Amino acid sequence: MCKQTVIELSVNNHPGVMSHICGLFARRAYNVEGIACMPVNGGETSKIWLLVDADDRLDQMIKQVDKLEDVLVVERYDNGHPVFAKMAEFVQ
């Protein structure tokens, strides 16, 4: 079983951004285990958290996500993230 990691994206908030990001993962057959998204800064930008397997393709995926026009910042959390820890409380 692969170790999981969280990718946190700061993105411009407008229709189609989530589709572009998820499409990038889908086209490369890279499974996203969990997604959370919330608008920030009055709705001009959003934070997207992606829970993914940390396999040997992840570094390349992060580079490709970072090249997307609406992605402002990409951060990687190899030791998990509180967003998914809190969400797990609601689904168990």
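All values derive from a computational prediction rather than experimental measurement.
By the 4.5 Å heavy-atom criterion applied to side chains, Val17 and Ile21 are counted as neighbours. In this structure, Tyr30 and Asp55 have side chains that are in contact, with non-hydrogen atoms separated by less than 4.5 Å.
In summary, the side chains of Asp70 and His14 do present a donor paired with an acceptor at a separation below 3.5 Å, with no hydrogens or angles considered. Using modelled atom types and a 3.5 Å distance limit, the side chains of Gln64 and Asp66 yield no donor-acceptor pair.
Each of Leu51, Leu50, Asp53 was evaluated against Val32; a single residue qualifies, Leu50, per the side chain to side chain contact (heavy atoms under 4.5 Å, CB included) test. Each of Val52, Asn79, Ile62 was scored for a side chain to side chain contact (heavy atoms under 4.5 Å, CB included) with Thr5, with one residue passing: Val52.
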Before giving the answer on side chain to side chain contact (heavy atoms under 4.5 Å, CB included), spell out for Thr45 and Val11 the whole-Å C-alpha distance, their side-chain angles and the decisive distance to 0.1 Å.
CA-CA 5 Å; Thr45 60; Val11 300; over 6 Å; no
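Residues Met38 and Met18 are members of separate hydrophobic clusters, defined by side-chain heavy-atom contacts under 4.5 angstrom among Ile, Leu, Val, Met, Phe, Trp and Tyr. Hydrophobic cluster membership is shared by Ile35 and Val71, with clusters built from Ile, Leu, Val, Met, Phe, Trp and Tyr side chains linked at under 4.5 angstrom. Tyr77 and Val65 fall into different hydrophobic clusters, where Ile, Leu, Val, Met, Phe, Trp and Tyr side chains are chained together by heavy-atom contacts under 4.5 Å. Linking Ile, Leu, Val, Met, Phe, Trp and Tyr residues whenever their side-chain heavy atoms come within less than 4.5 Å leaves Val74 and Val83 in two separate clusters.
In this structure, Ile48 and Cys37 approach most closely via the heavy-atom pair CG1-SG, 3.6 Å. Between Ala29 and Arg57, the shortest heavy-atom contact is O-NH1, 3.5 Å. Minimum interatomic distance between Lys47 and Ser10 (heavy atoms only, all atoms of both residues): NZ-OG, 3.2 Å. Of all heavy-atom pairs between Phe90 and Lys86, the closest is CD1-O, 3.3 Å. The two residues Leu24 and Leu68 make their nearest non-hydrogen contact at CD2-CD1, 4.2 Å. Contact record, Ser46 with Asn13: OG-CG, 3.2 Å, taken as the closest heavy-atom pair.
The structure places CH2 of Trp49 at 10.0 Å from CG of Leu9, a figure rounded to the nearest 0.5 Å. Summarising the geometry, atom CD1 belonging to Ile7 is positioned 12.0 Å from atom NE2 belonging to His81; distances are rounded to the nearest 0.5 Å.
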